[in-house]
Amino acid sequence: MMKQLLTLDAGNYEECTGLLEKVSTRGIIFRGDKIAMQRDAAGIYKIPGGGVEANESYIQALIREVAEETGLIIIEESIREIGEITELRQDIFEPDKKFVRHNLFYFAQVKDVTVPLKMTDSEKERGFHLHWATLEEIYNTNMSLISHDLTTPDKDMIFIKMLLDSEIKMTGQQ
């Protein structure tokens with residue numbers, strides 16, 4: 001069981017009769033004081049990672065998602081659990097269902113070689129690419145570019161802020 005870092009509860013699912021539960025993995029990869037991020041054409045940063053597929057372990061999903069989105073190859077032996085941020089809300093596509101997403105964060109180191117990207121069509125359309133930036137750059141840039149709706153806080157920026165505020169120790173740096 002991974003350490004619970006935070007639960008983001010929109011509280012808007014009381015009338016829901018069904019449940020939709022998903023698990024996503026997120027890779028925190030440092031080189032010096034910079035972290036590997038996906039950055040879109042508008043300049044917005046996103047922590048690399050994504051959904052766990054059927055018959056796939058969390059570690060396998062982390063390695064696959066980071067490679068697909070950044071081209072970086074995770075060294076499996078370097079992976080260390082950080083913790084989980086859970087999101088609870090009414091599902092936007094199926095309003096009769098409560099949506100629960102378990103976002104699992106891991107520190108990892110990567111090899112010096114890369115593989116070709118395998119992004120989704122929406123990631124390609126948004127112009128995502130690998131970008132190395134400091135925690136301060138990521139946080140300040142996203143906070144200036146994203147219009148925040150307090151009912152749907154951005155889990156990536158909350159996590160980056162936790163790193164900035166030393167609420168999470170950066171033991172995964174190389």
Side-chain angles (χ1 to χ4, degrees), residues 2 5-6 8 22-54 56-87 101-148 152-174:
M2 192 175 274
L5 299 172
L6 185 66
L8 303 173
K22 296 200 175 198
V23 178
S24 292
T25 59
R26 303 275 180 253
I28 306 303
I29 300 153
F30 279 95
R31 282 209 177 127
D33 68 340
K34 296 191 175 189
I35 184 173
M37 297 289 285
Q38 275 193 296
R39 191 172 192 194
D40 70 11
I44 297 171
Y45 290 100
K46 177 182 162 293
I47 296 173
V52 177
E53 296 178 355
E56 186 177 49
S57 74
Y58 299 155
I59 298 302
Q60 290 168 330
L62 175 70
I63 292 168
R64 176 185 52 77
E65 283 287 346
V66 168
E68 288 175 356
E69 294 181 355
T70 67
L72 298 171
I73 303 168
I74 287 179
I75 301 166
E76 188 168 351
E77 302 75 37
S78 75
I79 298 171
R80 287 181 298 295
E81 289 184 2
I82 300 170
E84 175 180 341
I85 294 179
T86 305
E87 297 172 89
R101 181 184 305 276
H102 303 276
N103 299 285
L104 310 179
F105 291 85
Y106 296 88
F107 281 122
Q109 294 177 356
V110 293
K111 297 180 179 180
D112 288 333
V113 295
T114 59
V115 295
L117 302 180
K118 293 182 184 175
M119 288 192 263
T120 65
D121 288 341
S122 66
E123 289 169 331
K124 289 176 189 171
E125 287 168 17
R126 286 188 56 194
F128 273 113
H129 60 279
L130 170 64
H131 189 88
W132 295 88
T134 65
L135 294 170
E136 292 84 1
E137 288 173 287
I138 296 162
Y139 186 78
N140 292 335
T141 299
N142 276 21
M143 294 307 283
S144 70
L145 293 175
I146 297 173
S147 62
H148 285 277
T152 56
D154 184 271
K155 68 188 168 306
D156 282 3
M157 286 308 92
I158 290 170
F159 185 83
I160 294 293
K161 184 79 165 98
M162 292 171 88
L163 283 172
L164 269 171
D165 294 344
S166 298
E167 292 175 34
I168 299 168
K169 300 299 177 212
M170 295 183 276
T171 58
Q173 290 188 31
Q174 37 181 26

To the nearest 0.5 Å, atom OG of Ser24 lies from atom CD of Glu87 at 8.0 Å
Could you tell me which residues satisfy side chain to side chain contact (heavy atoms under 4.5 Å, CB included) with Ser57, sequence neighbours excluded, listed by chain and number?
Ile59, Gln60
Identify the two heavy atoms, one from Ala61 and one from Val52, that lie closest to each other, and give their separation to 0.1 Å.
CB-CG2, 3.7 Å
Exercise: identify the closest heavy-atom pair between Ala36 and Pro48:
O-CD, 3.5 Å
Pair listing, salt bridge (charged side-chain N to carboxylate O under 4.0 Å, His left out) test, anchored in residues 63-77, at least two apart
Lys46-Glu69, Glu53-Arg64, Glu56-Arg64, Arg64-Glu68
Give the ring-plane orientation class for Phe105 versus Phe159, where under 30° counts as parallel, over 60° as perpendicular and anything between as tilted.
parallel
What is the minimum heavy-atom distance between Leu117 and Ala67, and which atoms define it?
CD2-O, 4.2 Å
Of all heavy-atom pairs linking Ala133 and Tyr45, the shortest is CB-OH, 3.6 Å
Working to the nearest 0.5 angstrom, can you tell me the gap between Glu84 CD and Leu6 CG?
10.5 Å
Roughly how far, to the nearest 0.5 Å, is the CD atom of Glu81 from the CG atom of Leu62?
11.0 Å
Given side-chain contact (heavy atoms from CB on, under 4.5 Å), test Tyr106 with Ile63 step by step and report yes or no.
CA-CA 11 Å; Tyr106 296 88; Ile63 292 168; over 6 Å; no
Worked check of side-chain contact (heavy atoms from CB on, under 4.5 Å) between Ile47 and Ile138
CA-CA 10 Å; Ile47 296 173; Ile138 296 162; over 6 Å; no
Donor-acceptor pair, side chain of Arg80 and main chain of Phe107, under 3.5 angstrom
no
Would you say that Arg39 contacts Thr141 through its side chain, given a criterion of any heavy-atom pair below 4.5 Å between the two side chains?
yes
When Thr70, Ile75, Leu72, Ile73 are each screened for side-chain contact (heavy atoms from CB on, under 4.5 Å) with Val110, the one that passes is Leu72
Measuring from Asp40:CG to Leu145:CG, what's the distance to the nearest 0.5 Å?
8.5 Å
Separation between CD1 (Ile82) and CD1 (Ile28), nearest 0.5 Å, reads 5.0 Å
When rounded to the nearest 0.5 angstrom, what is the spacing between CG in Leu130 and CD in Gln38?
9.0 Å
Do you know the tightest heavy-atom contact between Phe128 and Ile44?
CE2-O, 4.3 Å
Side-chain donor/acceptor of His131 to backbone N/O of His129, under 3.5 Å
no
